[in-house]
Amino acid sequence: MLEAHGRARPQRRGEARRAVPLLDLAPQVDTFLDEVLEGLSRPRPRTLPCKFFYDRRGSQLFDQICELPEYYLTRTELEIMRARAGAMAAWVGPAAMVIEFGSGSSVKTRLLLDHLACPSAYVPVDISKQHLLEAAEQLAARYPDVEVLPVCADFTRRLELPTPTAAARRRVIYFPGSTIGNFAPAQTVALLRQIAALCGRDGGLLIGVDLKKDPRTLERAYNDAAGVTAAFNLNLLARINRELGGDFPLAEFTHTAVYDADDGRVEMRLVSRRPQVVTIQGRRFAFDAGEYIVTEHSHKYALAEFAELGAEAGFRVAETWTDAARKFGVLALDRVGA
C-alpha cells in the first residue's frame with residue numbers, strides 16, 4: 001500500500017468519478033490525414049502509423065487482446081509487477097512525479113501506485129482521449145491523495161507536462177507494455193533521448209521490453225484464434241473511413257502477422273484479397289491481390305541489446321526484473337551524464 005498520503009481505497013458502487021484536469025494536446029485531423037497519405041504513398045510495402053490504432057474502439061479491442069490466452073505479454077508483465085512492484089517503487093523513490101506513456105487502462109499502474117511513497121503526481125499520457133479520461137477518473141477515485149493529471153498527446157512528439165501542486169524530487173517515466181518495440185532501433189534511441197530530456201537530471205525510466213523467444217510463440221500472440229487482433233488491425237481502416245472519408249472495403253482486407261528473424265520483429269499486415277482501388281479525400285491508391293500494408297512492427301530484444309540502446313540515449317541500467325521463463329523484462333534505467 002502507499003505510504004502517508006497515497007493510500008488506495010476501493011471505489012464505492014454508484015460513486016461519481018472524480019473529475020480530473022485534462023491537458024489536451026491530441027493530434028489534429030490534418031495530422032492524421034497527412035501521416036496516412038504519406039504512408040500509403042511510400043514505395044511498397046506501404047505503411048500506416050500504428051499510433052492511430054487507439055481510438056475508443058481500438059483501445060477497447062486492445063484491452064480484449066491483453067486478456068487473450070495467446071497474448072502472453074500482459075499477463076507476464078503483470079506477473080513481474082506483482083512480484084517486484086515493491087522493489088520498483090523503492091527505485092523510483094519518494095515524492096516522484098510518475099509520467100506514464102501509453103497509459104491505456106492503467107492496470108499495471110495500480111500495482112506501482114500501491115507501493116509508491118508519497119508520489120508528487122501521476123501523469124498518464126495517451127492518444128485516446130475518452131479512454132484516457134475514464135481511466136484517469138477511476139484512478140483519481142481509487143487514489144484520492146494522488147494528484148492525477150492526464151495529458152492527451154502523441155508522446156513521440158515534444159511533450160508539454162502539467163505542473164503538479166506538490167514539488168517533485170524527480171521525474172520517472174513509466175513505459176510498460178513493450179510499446180517501445182513499435183520503433184526501429186534508431187527510432188528507439190531518438191525516443192529514449194526525448195525521454196531523457198523530459199525526465200531531466202536525476203530522472204529515470206521504468207520500461208517493459210518483450211524478449212526474444214520461439215518465433216511460433218511470437219506469431220501466435222499476434223494471430224489469436226478468436227480474431228480479436230484482426231478486428232483491432234482492421235479497425236484502423238474503419239477509423240480512416242469514418243474520420244478521413246476513406247472507402248476501404250474492410251471485408252476485402254485480411255489480417256496477418258509474421259516474425260522476421262533477421263530484424264528481430266513481428267510485422268502486422270493488412271493484406272488485399274483482390275485487385276482494388278481505395279480513395280481517401282480524392283487520392284486514389286491501387287492495390288494488387290496479395291499486396292499488404294504494414295501497420296505495426298514489434299521489435300523483440302535481448303536484455304543486453306536494449307541496454308546498449310539505452311546507453312546511446314544517456315541511460316544506465318540500474319535494475320532488471322524478468323519472469324522465470326525470461327519471456328519479458330522490466331528495466332529500471334537511470335539517466336546519466338545530465
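Heavy-atom minimum distance, Leu191 versus Phe155: CD1-O, 4.0 Å. Here the closest heavy-atom approach between residue Gly208 and residue Ile180 is recorded as O-CG2, 3.9 Å. Of all non-hydrogen atoms in Glu291 and Ala286, the two that sit nearest each other are OE1-O, 3.9 Å. When all heavy atoms of Asp114 and Arg142 are compared, the closest pair comes out as OD2-NH2, 4.0 Å. Scanning all heavy atoms of the two residues, the minimum distance from Glu305 to Lys300 falls at OE1-O, 4.4 Å. Minimum interatomic distance between His255 and Leu270 (heavy atoms only, all atoms of both residues): CA-CD2, 4.3 Å.
Between the side chains of Ser298 and Tyr222, at least one donor-acceptor pair of N or O atoms lies under 3.5 Å.
Aromatic ring orientation, Tyr301 versus His299: parallel (interplanar angle below 30°, classes split at 30° and 60°).
Side chain of Asn235 to main chain of Ala238: no donor-acceptor pair is present (N/O by atom type, distance under 3.5 Å, no hydrogens or angles). Using a distance-only test at 3.5 Å, with no hydrogens or angles considered, no donor-acceptor pair links the side chain of Asp288 to the main chain of Pro275. With hydrogens and angles disregarded, a donor-acceptor distance shorter than 3.5 Å links the side chain of Arg170 to the backbone of Asp202. Panel note: side chain Glu147, backbone Thr165; a donor-acceptor pair is recorded below 3.5 Å. Between the side chain of Arg273 and the backbone N or O of Ala251 there is at least one donor-acceptor pair closer than 3.5 Å. Between the side chain of Arg75 and the backbone N or O of Pro69 there is at least one donor-acceptor pair closer than 3.5 Å. Under the 3.5 Å distance criterion, the side-chain polar atoms of Lys129 are left unmatched by any main-chain donor or acceptor of Cys152. Using modelled atom types, one side-chain atom of Asp247 and one backbone atom of Thr279 make a donor-acceptor pair closer than 3.5 Å. Remark: the backbone N or O of Tyr122 is not paired with any side-chain donor or acceptor of Glu100 at under 3.5 angstrom. Glu70 places a side-chain N or O within 3.5 Å of a backbone atom of Ala225 that can act as its donor or acceptor partner.
The CG atom of Asp55 lies 8.5 Å from the CD atom of Gln60; values are rounded to the nearest 0.5 Å. Annotation: the span from Asp224 atom CG to Tyr71 atom OH amounts to 10.5 Å, rounded to 0.5 Å. We find the CZ-CG distance between Phe248 and Leu48 to be 6.0 Å, quoted to the nearest 0.5 Å. In this structure, the separation between CD on Glu319 and CZ on Arg84 is 10.0 Å, given to the nearest 0.5 Å. Note that CZ of Phe287 and CD of Gln276 are 7.0 Å apart. Values are rounded to the nearest 0.5 Å. A distance of 10.5 Å separates CG of Leu211 from CZ of Phe306, quoted to the nearest 0.5 Å.
For the side-chain contact (heavy atoms from CB on, under 4.5 Å) with Leu159, the lone residue among Val151, Leu23, Asp154 that qualifies is Val151. Of the options Val123, Ile195, Val98, Leu198, a side-chain contact (heavy atoms from CB on, under 4.5 Å) to Arg171 is made by Leu198 and by none of the others.
At a threshold of 4.5 Å between non-hydrogen side-chain atoms, the residues Ile173 and Phe101 count as touching. Under the 4.5 Å side-chain criterion, counting only non-hydrogen atoms from C-beta, Lys108 is in contact with Leu78. Residues Leu37 and Gln281 are not in side-chain contact: their nearest non-hydrogen atoms beyond the backbone lie 4.5 Å or more apart. No side-chain heavy atom of Thr76 sits under 4.5 Å from any side-chain heavy atom of Asp210. With contacts defined as side-chain heavy-atom distances shorter than 4.5 Å, the pair Val148/Pro124 qualifies. Residues Met88 and His115 fail the side-chain proximity criterion, which asks for heavy atoms closer than 4.5 Å. Residues Val278 and Leu40 form no side-chain contact, since every pair of their non-hydrogen atoms from C-beta on lies 4.5 Å or further apart.
Residues Ile207 and Leu111 do not share a hydrophobic cluster, clusters being chains of Ile/Leu/Val/Met/Phe/Trp/Tyr side chains in contact below 4.5 Å.
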- Worked check of side-chain hydrogen bond (donor to acceptor under 3.5 Å, both in side chains) between Asp63 and His131: CA-CA 11 Å; Asp63 284 348; His131 204 63; 3.2 Å; yes

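Within a 6.0 Å sphere centred on CZ of Arg193, other residues, nucleotides and ligands contribute more than 12 heavy atoms. Within 6.0 Å of CZ on Arg169 lie no more than 12 heavy atoms contributed by other residues, nucleotides or ligands.
Using a 4.0 Å cut-off between charged side-chain N and carboxylate O, Arg216 and Asp214 make a salt bridge.
Taking the six-membered ring wherever Trp is involved, the centroid distance between the rings of Phe62 and Phe53 does not fall below 6.0 Å.
Because its NZ or CZ atom is not both nearer than 6.0 Å to the ring centre of Trp321 and within 45° of the ring axis, Arg82 does not count as a cation-pi partner of that residue.
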